[in-house]
Amino acid sequence: MINRLLVFFALVYVVEGVGQVEGLISQPLSFYLKEVHGWTALEVSAYLTIFNFPWIIKPLYGAFSDFVPLLGYRRKPYLLAANIAAAGAFLWVTQLTAPGELLWALELTACAMAISSTVCGAVLVENGRRLGESGRFVNQQWLWLNAATIFASIAGGALAQRLPPTSALHVAAAIVAIAPLAVLFGTVFLIPDKKTPIDLPALRTTFASLVTAFSKRELWVVGLFLFLYYFNPGLNTPLYYFMTDNLKFSQGYIGILGSIEAAGCIIGALLYRVWFEDMSSKRLLNLSIALGTVTTAAFVFLSGETSAAILSFCSGFAAMVATVATVTLATDYCPPRSEGFTFAVMMSIINLSTSLSGTFGAFLFDHVFHDSLTLLILSSAAFTAFAFVLVPFLHLGNKRQERSVAATAVQT
């Protein structure tokens, strides 16, 4: 069973890494909007931000999957429906050229991928606890998600370089449309899912625990911290424009840079157990802020392909440390009996902040700094450094990672 679940999680997160709008289709889409329609960095960033909305409302999908079985099952019908919808929507994209029409089709793919990811997360939590393999399953998630990102970045860049913009977009969509078929196979043959009736008493109990949880000041403080931690002027779209227009990087090389960044994430995840696992939560948070600030500020030295590769790798490494620090923090503050929903809310806060920061950064780049990437980089680094001021408000003391706040309070 453990091996079957490991294969299932690998399939799901490979499809997620390739199939998100930020996956294989991301660079062909940005290239298409820039070259064919002449959109600015702000316009492209705002357009891409819309596809983050389905990821912001992930708690709703989890609640439906938990308490509203389809045909008596809580997981498999949702996974099957979501991935069939994703495949169909990507095939629809291959027939479209107008940005307005593409918006509806790609939004459907984003909804489908978000639902699939949420339900897979529920499968991971349930079986991880039952089999005592949560850590192994989570590692499987990050490993294959970043491995898929490496492939998606290289493939997306190659398509944008070798094909006309419209053809690159349509071929990318056709390739991604095949990916959800793997999850359909895994859903049918690899995961357990017993028939379950609608559990109204459990729903009432969980709702009561949620009301209690969200009345606690600590949870609101952590949510605000996570929002402010991730809210800084985003560099992704302005960097893409700067590399294309100023540095004259090929689309293929820009794709390779994305894969190098994903490799940095993988190395960060692999080294976590060696370097960071024994740190206190406070120390790890401060380290992640320092790494993020220095790595972001270092982009002022971006001048050619070699510096871009080094900076991309360091950025991926720092991003993984930040992810571990903040996700662990969110997990530790989730109250008993409402862990799943509360954690999904915390992740939605991060998704919302990240989404807004991308548009904010593009706005500053286009309308405030007038295409000055250096000013945007320094502003982003300053926003990241501001998180140092926020850490003391969490009152973490010497709390260890992966130790719930409730347990720490009892022990104290």
Check whether any side-chain heavy atom of [X] lies under 4.5 Å from a side-chain heavy atom of [Y], and answer yes or no.
X      : Y      : value
Tyr240 : Gln251 : yes
Leu239 : Phe299 : yes
Lys34  : Asp245 : yes

The test is side-chain contact (heavy atoms from CB on, under 4.5 Å); show your working for Leu302 and Leu247 and say whether it passes. CA-CA 9 Å; Leu302 176 63; Leu247 299 181; 3.8 Å; yes
If you take all heavy atoms of [X] and [Y], which pair is closest and at what distance?
X      : Y      : value
Pro238 : Leu373 : CB-CD1, 4.2 Å
Pro192 : Asn127 : CG-OD1, 3.7 Å
Phe9   : Cys120 : CD2-SG, 3.6 Å
Ala82  : Ser116 : CB-N, 4.1 Å
Pro54  : Tyr61  : O-OH, 2.8 Å
Thr296 : Ala381 : CG2-N, 3.7 Å

For Lys76, which of Val123, Ile191, Leu70 qualifies under side-chain contact (heavy atoms from CB on, under 4.5 Å)?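 Testing Lys76 for a side-chain contact (heavy atoms from CB on, under 4.5 Å) against Val123, Ile191, Leu70 leaves exactly one candidate, Ile191.
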Donor-acceptor contact present, side-chain [X] to main-chain [Y], <3.5 Å:
X      : Y      : value
Thr354 : Asn351 : no
Ser45  : Ala41  : no
Ser117 : Met113 : no
Tyr13  : Phe8   : no
Thr109 : Leu106 : yes
Glu261 : Gly316 : no
Arg4   : Phe189 : yes
Ser30  : Ser26  : yes
Tyr47  : Leu103 : yes
Asp193 : Arg75  : yes

Between the side chains of [X] and [Y], is a donor N or O closer than 3.5 angstrom to an acceptor N or O?
X      : Y      : answer
Thr326 : Tyr230 : yes
Asn232 : Ser357 : no
Thr384 : Thr293 : no
Tyr32  : Gln27  : no

Check step by step if side-chain contact (heavy atoms from CB on, under 4.5 Å) holds for Lys282 and Leu287. CA-CA 9 Å; Lys282 181 178 180 180; Leu287 175 64; over 6 Å; no
Would you kindly check if the NZ (Lys) or CZ (Arg) of Lys194 is within the cone defined by 45 degrees around the ring axis of Tyr73 and under 6.0 Å from the six-membered ring centre? no
Go through it in stages, so that I can follow the logic: the residues are Leu159 and Ile175, the test is side-chain contact (heavy atoms from CB on, under 4.5 Å), and I'd like the CA-CA distance, side-chain angles, deciding distance and then a yes or no. CA-CA 11 Å; Leu159 290 174; Ile175 293 172; 4.2 Å; yes
I would like to know whether Glu16 and Leu145 meet side-chain contact (heavy atoms from CB on, under 4.5 Å); could you show each step before the answer? CA-CA 7 Å; Glu16 184 176 327; Leu145 183 65; 4.2 Å; yes
Which of parallel (below 30°), tilted (30 to 60°) and perpendicular (above 60°) describes [X] and [Y]?
X      : Y      : value
Phe360 : Phe383 : perpendicular
Phe317 : Phe313 : parallel
Tyr229 : Phe225 : tilted

In this structure, CZ of Phe393 is separated from CG of Leu228 (nearest 0.5 Å) by 10.5 Å
Would you say the rings of Tyr253 and Phe249 are close, in the sense that their centroids are separated by under 6.0 Å?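 Here the rings of Tyr253 and Phe249 have centres that are less than 6.0 Å from each other.
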